[in-house]
> 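Okay, here's the structure, questions in a sec.
Residue numbers count from 1 along this sequence.
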Amino acid sequence: ILILLLIGSLIACSSKKKTLSGEEPLTLKEFVGLFPDLNLPVRIADTSLPGLRLEQYRISPKNFSAALPDSVIRKDYGSKNLPVLYAIGKTREKKKETYLFVLAEAKGRQVVYLSALDKDNSFLSMMPLVKVGFDKNLQSYGLLDAKFQISAYREYLKDGKVKFKRNVYIANSAAQEFTLIVTEPNESSLENLVNPIDTFPQKRAYSGDYSLNAQNLVSIRDGGKPGE
């Protein structure tokens, strides 16, 4: 009877369900597998963050740091302690990258981080997708669309006007990073423009700089020969 009890105890221990918040170590495959599945497109707005704090998906700092680098998170929250972490979910591009969404929260600041793993579950990169409590944004959201393009959007006030910025990235396995492919600000960028022909002569009648709008400039300079 004693032997049977011991065997039953061992079976119960070995079959104990692992969790993201538990003390039992997780393999990377187990860690990823415990994230709930998400359907594309995945859109996470700043206003939706309170509803993403689900205790059954809370991640212990030990399990997080064992599975993923925490250096990006420490840049936002400091090196002393990791914030409270929650698994939001995961999605995978067939035979390609896996994407993990994690919510971090501490001291009234919240960040949604997006991590990418390659087809072999090796870590590629991590980036903040939505941040609340760091800047005076009016609104912000992050999006992973059906083409696996990643958008980070925010609106903010500048000089009494509403401005926005949208950056679009793709996961670049070769470079092990998120590569910026599109940026869309609606504020003037001409003041930061480097004009490669700015120092060329402009003595002729139509030589000069012509601004089409806040982000487009036509620059005309004198040619090397008369009439050019």
Side-chain angles (χ1 to χ4, degrees), residues 13-40 42-93 96-135 140-144 148 150-152 167 169-173 175-179:
C13 290
S14 62
S15 62
K16 186 177 180 181
K17 187 177 180 180
K18 292 184 177 181
T19 64
L20 290 167
S21 60
E23 293 300 318
E24 193 171 353
L26 299 171
T27 65
L28 181 56
K29 184 177 180 180
E30 290 172 333
F31 180 83
V32 173
L34 289 170
F35 277 61
D37 292 316
L38 299 173
N39 295 320
L40 294 175
V42 180
R43 188 182 190 277
I44 300 176
D46 51 3
T47 54
S48 69
L49 300 191
L52 300 177
R53 298 194 300 263
L54 302 178
E55 281 302 314
Q56 64 264 40
Y57 293 120
R58 186 163 176 168
I59 309 172
S60 68
K62 181 179 178 181
N63 281 334
F64 184 89
S65 298
L68 300 171
D70 56 25
S71 56
V72 174
I73 294 179
R74 292 188 185 279
K75 286 181 181 179
D76 289 325
Y77 288 98
S79 59
K80 189 174 182 180
N81 295 307
L82 285 178
V84 180
L85 300 166
Y86 300 90
I88 297 173
K90 69 177 183 294
T91 189
R92 182 182 180 92
E93 185 173 6
K96 289 189 176 182
E97 293 82 16
T98 296
Y99 298 86
L100 303 178
F101 294 84
V102 172
L103 171 64
E105 183 178 51
K107 299 178 181 179
R109 295 178 174 183
Q110 298 171 308
V111 185
V112 174
Y113 294 97
L114 176 62
S115 297
L117 310 176
D118 68 14
K119 61 182 181 179
D120 299 316
N121 264 359
S122 296
F123 176 78
L124 292 176
S125 190
M126 181 189 296
M127 63 176 283
L129 191 61
V130 180
K131 301 179 78 170
V132 176
F134 292 83
D135 302 306
S140 60
Y141 70 82
L143 172 69
L144 179 64
F148 291 92
I150 304 147
S151 296
N167 289 337
Y169 305 83
I170 56 170
N172 187 335
S173 293
Q176 296 186 321
E177 67 176 16
F178 291 112
T179 300

> So which atom in Y86 and which in L54 form the shortest heavy-atom distance, rounded to 0.1 Å?
CD2-O, 3.4 Å
> Per the side-chain contact (heavy atoms from CB on, under 4.5 Å) rule, which among I59, L34, T19 passes with L26?
L34
> Test F64 against D70 for side-chain contact (heavy atoms from CB on, under 4.5 Å), laying out the working first.
CA-CA 8 Å; F64 184 89; D70 56 25; 4.1 Å; yes
> Which residues satisfy the side chain to side chain contact (heavy atoms under 4.5 Å, CB included) test with S151, sequence neighbours excluded?
L143, R166, V168
> Pick one: which of R92, E93, K119 meets side-chain hydrogen bond (donor to acceptor under 3.5 Å, both in side chains) with T98?
R92
> If you measure from CG on L114 to CG on L144, what distance do you get to the nearest 0.5 Å?
6.5 Å
> Within the side chain of N167, is there an N or O that forms a donor-acceptor pair under 3.5 Å with the backbone of A152?
no
> Do V130 and L103 come within less than 4.5 Å of each other through their side chains, counting heavy atoms only?
no
> So how far is it from M126 CE to L117 CG, rounded to the nearest 0.5 Å?
9.0 Å
> If every non-hydrogen atom of L124 is compared with every non-hydrogen atom of S173, which pair is closest and at what distance?
CD1-OG, 3.6 Å
> For the residue pair A104 and Y77, what are the closest heavy atoms and their distance?
O-OH, 3.3 Å
> Do you know the tightest heavy-atom contact between S125 and Q176?
CB-O, 3.9 Å
> Can you confirm whether M127 sits close enough to V72 that some side-chain heavy atom of one is under 4.5 Å from a side-chain heavy atom of the other?
no
> If I compare all heavy atoms of K90 with all of D37, which pair ends up nearest, and what's the gap?
NZ-OD1, 2.9 Å
> Where the side chain of N63 meets the backbone of L20, is there a donor-acceptor pair that is under 3.5 Å apart?
yes
> So which atom in S115 and which in F178 form the shortest heavy-atom distance, rounded to 0.1 Å?
C-CZ, 4.3 Å
> Heavy-atom distance under 4.5 Å between the side chains of L68 and L100, does that happen here?
yes
> Output yes when a side-chain donor or acceptor of S65 lies under 3.5 Å from a complementary backbone atom of P61, and no otherwise.
yes
> Starting from the C-alpha separation in whole Å, work towards a yes-or-no answer on side-chain contact (heavy atoms from CB on, under 4.5 Å) for L38 and Y99.
CA-CA 10 Å; L38 299 173; Y99 298 86; over 6 Å; no
> Is the shortest heavy-atom distance from the side chain of F123 to the side chain of L28 under 4.5 Å?
no
> Under the salt bridge (charged side-chain N to carboxylate O under 4.0 Å, His left out) test, which residues partner D120, sequence neighbours left out?
none
> Please report the C-alpha distance between F148 and E97 in whole Å, then the side-chain angles of each, then the deciding distance to 0.1 Å, and finally whether the side-chain contact (heavy atoms from CB on, under 4.5 Å) criterion is met.
CA-CA 9 Å; F148 291 92; E97 293 82 16; over 6 Å; no
> Of L52, L49, V42, V102, which is the lone residue that meets side-chain contact (heavy atoms from CB on, under 4.5 Å) with I88?
L52
> Can you list every side chain to side chain donor-acceptor pair (under 3.5 Å) pair that touches residues 101-113, not counting sequence neighbours?
R53-E105, D76-Y113, E105-Q110
> Kindly determine whether T47 and Y141 satisfy side-chain contact (heavy atoms from CB on, under 4.5 Å), including the steps that lead there.
CA-CA 9 Å; T47 54; Y141 70 82; over 6 Å; no
